[in-house]
Amino acid sequence: MYKISFVIPVFNRLKYTQECLDILSKQKTTSFFTKNEISIIVTDDGSTDGTKEWIAANHPDVIVLQGTGNLWYSGSLNMGIRYALDKLNCDFIMVWENDIFPMEGYFDLIQPILEKWDGKTVICSKLYYRNQPNKIFGMGGTFDTRTGVKSLIGLAEIDNEEYEKTMEVDWFLGQGVLIHKDILKKVGLFDEVNFPQYHADVDYGLRAMKGGYKNMVYPELKLLNDTETTGISHIKNKTMKQFIDSMISIRSNYNIKKDIKFYQIHTTHFAAYGNLSYKYITYIGGYIKWKILGMLGIKRKE
């Protein structure tokens, strides 16, 4: 038996937290919940939608930690992880999010994997699009430190035999990830200074790999991911202000300052910056293209 804490960072979006906690509460008869000592920690980073009050009224067994409103993803995770390790003496942290949904059998399938844990593995899940549950969102990814090329394995592919094999990856998607306390002690926590939001899971996976650990994706651990809730860079038909914000906002995957910092930390050759330049040339060029087409009456589909 292990002591395991789910750590769920939230900021508003109460309906997702409600669904998430209601689903987890229904898993208590699964082997994962019956064979381990499970706790659930929600780090509420300044929500104004009644998150704290709803959890207290409906799931009083859930531990709610209050953030300052400036923790972002990594800081929220770290607050929950510290509490789980220091106050609850947990063996494993389950990195979770309120907009993912386990497919049937998830928590019975993860238990035999946990029982065979080798002491060197980060246990990772396979993600699908919630609105297209036969289409893969990702199985973690690869990163070439010399060229700077980062890929998300299986992205937008219809599920097939190729993706039904246990796979070692360079980095993982930060949903449904079991990390042992010894790994956290050696690798450290998530980098809330350099990567408060985006790149945090990629950075951690690469650091774990450099530390001698394996990031293993198990295809039977299937989660549905609600990609409609992601940040500012996913907005189509952006205004000029939204486009500029997408280049500087912490909520954006196109935050150029964070991208440069990521390349500084994880690449080994100056040639990698050519790939980074291509990313922004393509992004800026695409924006200009659709602005021109918009003036001609042709709009991008939402």
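Hydrogens, waters and symmetry mates are skipped; everything else that's a heavy atom, side chains included, is used.
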Check this for me: does any side-chain nitrogen of one of [X] and [Y] sit under 4.0 Å from a carboxylate oxygen of the other?
X: Arg207; Y: Asp203; answer: yes
X: Lys241; Y: Asp245; answer: yes
X: Asp159; Y: Lys126; answer: yes
X: Arg13; Y: Asp49; answer: no

* Going hydrophobic residue to hydrophobic residue with side-chain gaps under 4.5 angstrom, can you get from Met247 over to Met240? -> yes
Atom of [X], atom of [Y] and distance for their closest heavy-atom approach:
X: Phe190; Y: Asp201; answer: CE2-CA, 4.3 Å
X: Lys28; Y: Asp61; answer: NZ-OD2, 3.5 Å
X: Leu223; Y: Gln175; answer: CD1-O, 3.8 Å
X: Thr17; Y: Trp54; answer: O-CZ3, 4.4 Å
X: Glu97; Y: Cys20; answer: O-SG, 4.0 Å
X: Leu109; Y: Glu220; answer: CD1-O, 3.4 Å

Determine whether the aromatic ring centres of residues [Y] and [X] are separated by less than 6.0 angstrom.
X: Tyr2; Y: Phe92; result: yes
X: Tyr283; Y: Phe243; result: yes
X: Trp96; Y: Tyr16; result: no

Can a side-chain donor-acceptor contact be found between [Y] and [X] if the only test is distance below 3.5 angstrom?
X: Tyr83; Y: Thr43; answer: no
X: Asn275; Y: Thr147; answer: no
X: Tyr129; Y: Asp226; answer: no
X: Asp259; Y: His199; answer: yes
X: Ser47; Y: Asp44; answer: yes
X: Thr121; Y: Asp118; answer: yes

Taking the side chain as C-beta and beyond, is there a heavy-atom pair between [X] and [Y] under 4.5 Å?
X: Leu152; Y: Trp171; value: yes
X: Arg146; Y: Phe270; value: no
X: Tyr254; Y: Ser249; value: no
X: Gln66; Y: Lys52; value: yes

* Asked: Does atom CD of Glu115 have more than 12 heavy-atom neighbours, drawn from other residues, nucleotides or ligands, at distances under 6.0 Å?
  -> yes
* To do: For the pair Lys181 and Asp91, evaluate salt bridge (charged side-chain N to carboxylate O under 4.0 Å, His left out) and give the outcome as yes or no after the intermediate values.
  => CA-CA 5 Å; Lys181 62 182 179 182; Asp91 302 300; 3.6 Å; yes
* To do: Test salt bridge (charged side-chain N to carboxylate O under 4.0 Å, His left out) on Lys120 and Glu168 and set out the steps.
  => CA-CA 12 Å; Lys120 301 293 289 184; Glu168 183 173 359; over 6 Å; no
* To do: Return the orientation label for the His180 and Trp117 ring planes: parallel under 30°, perpendicular over 60°, tilted otherwise.
  => parallel
* To do: To the nearest 0.5 angstrom, please state how far the CD1 atom of Ile179 sits from the CD1 atom of Ile81.
  => 6.0 Å
